[in-house]
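Scroll down for the structure; my scribbles are underneath it.
For the numbers below, each heavy atom of this structure counts, side chains included, while hydrogens, waters and symmetry mates do not.
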Amino acid sequence: MPPSPTKLLFTWEETTLLQQELLKYKTAFISKYDESAYIRFRGDDLKFADVQNAVVGGWFFSTKKLIVIRSVPKDNHPDNKAPTSEQSKTEERIIKYRNEIPEDHILIFVSYKPDRRTKGTKFFLDHATLKEFPLLNEKELAKKAQELLWTLIDAFTALKLVEYIGVNGWMGTLTQECDKLRHYCEAKNIAQISLEIIHDVCIASQETDAFALADVLFLDTKKSLALIEEESEAKIEPLEFLGRLFWAMKLIIALVDAYDRGIISATEIAKEIGVHHFPIMKRLKDYTTYKTKIETIKSCYGQLLQLNYDLITGGLPVEGFWLEMKRIIANE
């Protein structure tokens with residue numbers, strides 16, 4: 001039996017392109033049907049009972065629905081995990097009662113990094129239409145940069161842009177930097193982006209691992225706080241600082257996850273994560289410490305996401321950022 005055209009599995013880790021595709025589905029659906037027929041379940045608030053009611057509850061009186069369910073099948077990506085009990089019950093229920101799901105329900109399952117060896121993942125790979133969003137290589141990213149910047153950038157300069165900002169396969173960072181470049185060119189009435197403009201406008205790659213805080217984060221709290229104080233005194237832009245910190249923390253979380261799944265070589269871990277092997281080599285020796293503190297690290301990451309949100313929305317004044325930053329790291 002071929003995979004169902006109305007049951008889709010969106011997977012792999014290029015989350016920006018994945019989100020763009022999800023938005024296309026949502027926009028097209030809402031333009032044709034009532035917005036109340038669009039239902040989504042995030043991984044962090046996945047509730048078995050709610051999903052059950054939406055998917056198979058009341059199916060005798062079913063109407064057209066678009067239902068997006070994250071972390072089914074089980075997701076190993078740190079940004080898309082669900083409570084284990086809720087996730088497992090939801091996955092099992094969908095598999096067991098798959099034949100009771102109305103045909104006119106469009107279900108999109110989102111799992112960035114599922115374990116393809118598990119029974120659940122194998123089921124969805126067999127029964128759902130697969131849409132993969134792999135990380136892009138440098139040439140693919142450069143082509144995307146040209147699409148985002150239209151006539152403002154040539155192929156050679158686009159490739160140099162990708163190298164400079166070190167996006168490691170991620171479209172999110174590239175999109176942000178291209179937006180900055182486009183607005184800059186519009187404001188300055190510039191017709192063509194040069195390497196000099198890229199260096200003036202964009203944030204350079206953290207691939208060199210020059211951000212010193214990343215080397216002591218969760219290993220030496222005293223040094224971490226001292227480095228935060230230095231960044232504060234140097235009047236570093238808070239959002240730029242957080243961008244570097246998120247990069248370092250995601251690297252640590254992904255390293256622990258890969259190692260726990262039996263990938264223990266720095267080269268193989270780097271390939272799995274999609275980064276250069278050098279920062280992995282530097283941190284691999286501290287795996288045991290990171291593993292011991294992994295829940296604390298994830299909690300800290302969540303608090304920093306909230307801090308980032310508060311900063312962007314104005315909920316936290318810029319002058320209060322560094323004090324809050326120290327508080328979070330001091331409690332690691």
Less than 4.5 Å apart, side chain to side chain, heavy atoms only: is that true for [X] and [Y]?
X: L17; Y: K144; value: yes
X: F156; Y: K160; value: yes
X: D126; Y: P3; value: no
X: F241; Y: F321; value: yes
X: I67; Y: I108; value: no
X: V68; Y: I39; value: no
X: L161; Y: L174; value: yes
X: L148; Y: I153; value: no

Does [X] reach the main-chain N or O of [Y] with its side chain, forming a donor-acceptor pair under 3.5 Å?
X: S111; Y: V72; value: no
X: T175; Y: M171; value: yes
X: H105; Y: I101; value: no
X: K293; Y: F218; value: yes
X: S194; Y: I197; value: yes
X: K65; Y: A54; value: yes
X: D154; Y: T157; value: yes
X: D310; Y: L316; value: no

If you look at every heavy atom in [X] and [Y], which pair is closest and at what distance?
X: Y184; Y: I190; value: CE2-CD1, 3.6 Å
X: G120; Y: E91; value: CA-OE2, 3.2 Å
X: L152; Y: A191; value: CD2-O, 3.5 Å
X: Y38; Y: R40; value: OH-CD, 3.4 Å
X: N80; Y: G43; value: OD1-N, 4.4 Å
X: E177; Y: V201; value: OE1-O, 4.4 Å

Between [atom1] on residue [X] and [atom2] on residue [Y], distance to nearest 0.5 Å:
X: C300; Y: I328; atom1: SG; atom2: CD1; answer: 6.5 Å
X: L245; Y: M249; atom1: CG; atom2: CE; answer: 6.0 Å
X: T11; Y: F133; atom1: OG1; atom2: CZ; answer: 9.5 Å
X: L195; Y: D200; atom1: CG; atom2: CG; answer: 11.0 Å
X: N308; Y: L242; atom1: CG; atom2: CG; answer: 5.5 Å
X: L107; Y: R98; atom1: CG; atom2: CZ; answer: 14.0 Å

Just wondering, more than 12 heavy atoms not from [X] lying within 6.0 Å of its [atom1]?
X: I264; atom1: CD1; answer: no
X: L323; atom1: CG; answer: no
X: K113; atom1: NZ; answer: yes
X: K139; atom1: NZ; answer: no
X: E103; atom1: CD; answer: no

For [X], side-chain contact (heavy atoms from CB on, under 4.5 Å) partners two or more places apart:
X: A254; answer: I273
X: L159; answer: E138, A142, E163
X: E233; answer: E229
X: K89; answer: F48, E86

Do V110 and S71 pass the side-chain contact (heavy atoms from CB on, under 4.5 Å) test, and can you show the C-alpha distance, the side-chain angles, and the key distance before you say yes or no? CA-CA 6 Å; V110 179; S71 202; over 6 Å; no

I'd like to know whether L304 forms a side-chain contact (heavy atoms from CB on, under 4.5 Å) with M325, so could you lay out the CA-CA distance, the side-chain angles of the two residues, the decisive distance to 0.1 Å, and finally the verdict. CA-CA 8 Å; L304 292 175; M325 185 72 242; 3.4 Å; yes

Is it true that [X] and [Y] have a side-chain N and a carboxylate O under 4.0 angstrom from each other?
X: D257; Y: R261; answer: yes
X: D260; Y: K291; answer: yes
X: D115; Y: R117; answer: yes

Go through the steps to decide whether E230 and L227 satisfy the test side-chain contact (heavy atoms from CB on, under 4.5 Å), and finish with yes or no. CA-CA 5 Å; E230 289 179 15; L227 287 168; 3.8 Å; yes

Is the F10 to Y25 ring centre distance short of 6.0 Å?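 Centroid distance F10-Y25: below 6.0 Å, so yes.
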
Run the ring-centre check on F246 versus Y301 and record whether the distance is less than 6.0 Å.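 Ring-ring flag for F246/Y301: true, centres closer than 6.0 Å.
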
If two hydrophobic side chains count as joined below 4.5 Å and joins carry through other members, does W12 share a cluster with I69?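 No, W12 does not connect to I69 through the hydrophobic network.
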
How would you list all residue pairs meeting salt bridge (charged side-chain N to carboxylate O under 4.0 Å, His left out) that involve residues 181-195, not counting sequence neighbours?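 Salt bridge (charged side-chain N to carboxylate O under 4.0 Å, His left out) check on residues 181-195 returns D179-R182.
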
Under the side-chain contact (heavy atoms from CB on, under 4.5 Å) rule, what do L217 and I297 come out as? Steps first, then yes or no, please. CA-CA 9 Å; L217 198 61; I297 294 171; over 6 Å; no

Exercise: do T121 and T118 side chains pair donor with acceptor under 3.5 Å: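 Yes - a donor-acceptor pair under 3.5 Å links their side chains.
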
For Y112, the option from E14, H77, K81 that meets side-chain contact (heavy atoms from CB on, under 4.5 Å):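 Checked E14, H77, K81 against Y112; only one passes side-chain contact (heavy atoms from CB on, under 4.5 Å): H77.
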
Contacts of Y309 that satisfy ring pair (Phe, Tyr, Trp, His ring centres under 6.0 Å) - sequence neighbours left out: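 Checked Y309 against ring pair (Phe, Tyr, Trp, His ring centres under 6.0 Å); zero matches.
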
Verdict with supporting geometry, K143 and E140, salt bridge (Lys or Arg N to Asp or Glu O under 4.0 Å): CA-CA 5 Å; K143 186 176 180 180; E140 290 169 331; over 6 Å; no

Under 6.0 Å from the ring centre and within 45 degrees of the ring axis: does the NZ or CZ of R283 meet both conditions for the six-membered ring of Y287?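 No, R283 does not sit over the ring of Y287.
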
